[in-house]
Amino acid sequence: MEIRFMSYNIQHGIDYLRQRELLQKGQGDLEAIDLPLMAEAIRRAGADIVGLNEIRGRGSTPYYTNQAEQLAALLGYHCYFAQAITFPEGPYGNAILSRFPLRAAQTIPIPDPAVKDEDAYYETRCVLRARFAQAGGFTVLVSHFGLAKAEARSAVETVLGLVRQEQGPVILMGDFNLEPDSPILAPLMGEMEDTAKLFPRPLLSFPSDQPQTKIDYILVKSAQALEADIPPAVASDHRPHTALVRL
């Protein structure tokens, strides 16, 4: 069975170019939230299962809604929202959208570093774990790693433990906030296959209008990656990462 996966940091559903216009005018950027724009980027990519980062739940402002449910309704998909943290404005975390029903889904916290030894922004993170029955059963993990190195190391340790628990195929997706040659990522790269090796040429994902770096990933284990791409979509501040995988 072949399934097209997509990893996409949607930055709360904000239209990146519209946000820039508003900020240049000294206006707030929440008016730039455009979930139909994000849904169209997913639809154009032909994604079957989508891992989303930087997604909001219903909050104190009318601009923040149940974004996973809205996107699922726009696409006719199933969904699950994994709350990592609650900001004053409301819940925030990762989500999964799928053409296929989810057999099970859970939110797994990533432990905060015991020692915050860097002058960096810290934020509690999580891993979304979803199980599917298709193709004999497989697992999808979705996460958004922290900016601080201590957070990233904690995330890699948590995810690696989850990957090693699985008996069948595993697909890991997300914004890792690390470049591919980062030594922090090396344990994951040694355990799983980076689908980016199938890019026809080096492709970058951030920022979406003029990408300078690659920090978005789709890794697989016990599955065959057939093709991968970072389409030149400018909707969010990240470009999406896609991969066709045989299970």
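This structure is a prediction, so every number in the text was calculated from the model and none was measured.
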Quiz: residues 184-196 side-chain donor-acceptor pairs under 3.5 angstrom, not counting sequence neighbours:
unit_1	atom_1	unit_2	atom_2	d
Glu191	OE1	Arg164	NE	3.3
Glu191	OE1	Arg164	NH2	3.3
Glu191	OE2	Lys221	NZ	2.9
Glu193	OE2	Lys197	NZ	3.0
Asp194	OD1	Ala196	N	3.1
Thr195	OG1	Ile218	O	2.8

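- Within the model, atoms CZ of Phe5 and CG of Asp48 stand 8.0 Å from one another, a figure rounded to the nearest 0.5 Å.
- Donor-acceptor pairing under 3.5 Å is recorded for the side chains of Arg131 and Thr139.
- Ionic pairing of Glu166 and Arg129 is present here: one or more N-O contacts between side-chain nitrogen and carboxylate oxygen are shorter than 4.0 angstrom.
- Pairs of residues two or more places apart, or lying in two chains, that qualify as side-chain hydrogen bond (donor to acceptor under 3.5 Å, both in side chains) and include a residue from residues 224-233 are Arg4-Glu227, Gln224-Arg246.
- In this structure, the side chains of Leu226 and Glu2 come closer than 4.5 Å at one or more pairs of heavy atoms.
- The aromatic rings of Tyr64 and His12 sit perpendicular, their planes meeting at an angle over 60°, well past the 30° parallel limit.
- Side-chain contact check for Arg239 versus Asp216: every heavy-atom pair is 4.5 Å or farther apart.
- Screening Asn66, Leu71, Leu97 for a side-chain contact (heavy atoms from CB on, under 4.5 Å) with Cys79, the sole residue that qualifies is Leu97.
- From Leu23, atom CG reaches atom NZ of Lys25 across 11.0 Å, with rounding to the nearest 0.5 Å.
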message: Walk me through whether Arg56 and Ile33 qualify under side-chain contact (heavy atoms from CB on, under 4.5 Å).
response: CA-CA 11 Å; Arg56 293 278 184 171; Ile33 291 176; over 6 Å; no

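- A 4.5 Å side-chain heavy-atom check between Met38 and Gln67 finds every atom pair outside the cut-off.
- Side-chain N/O atoms of Thr107 and Tyr80 include a donor and acceptor closer than 3.5 Å.
- Note: His144 and Tyr92 fail the aromatic proximity criterion, with ring centroids not under 6.0 Å apart.
- No chain of hydrophobic side-chain contacts below 4.5 Å, direct or via other Ile, Leu, Val, Met, Phe, Trp or Tyr residues, connects Tyr217 to Leu244.
- Residues Val245 and Ile3 have side chains not in contact (no heavy-atom distance under 4.5 Å, counting atoms from C-beta outward).
- Counting heavy atoms from C-beta on, the side chains of Phe176 and Ser182 never come closer than 4.5 Å.
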- prompt: Are Asp112 and Tyr122 close enough, and set up right, to give a side-chain contact (heavy atoms from CB on, under 4.5 Å), and what steps lead you there?
  reply: CA-CA 9 Å; Asp112 291 332; Tyr122 284 83; over 6 Å; no

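- By the 30° and 60° cut-offs, the orientation of the rings of Phe199 relative to His241 is tilted.
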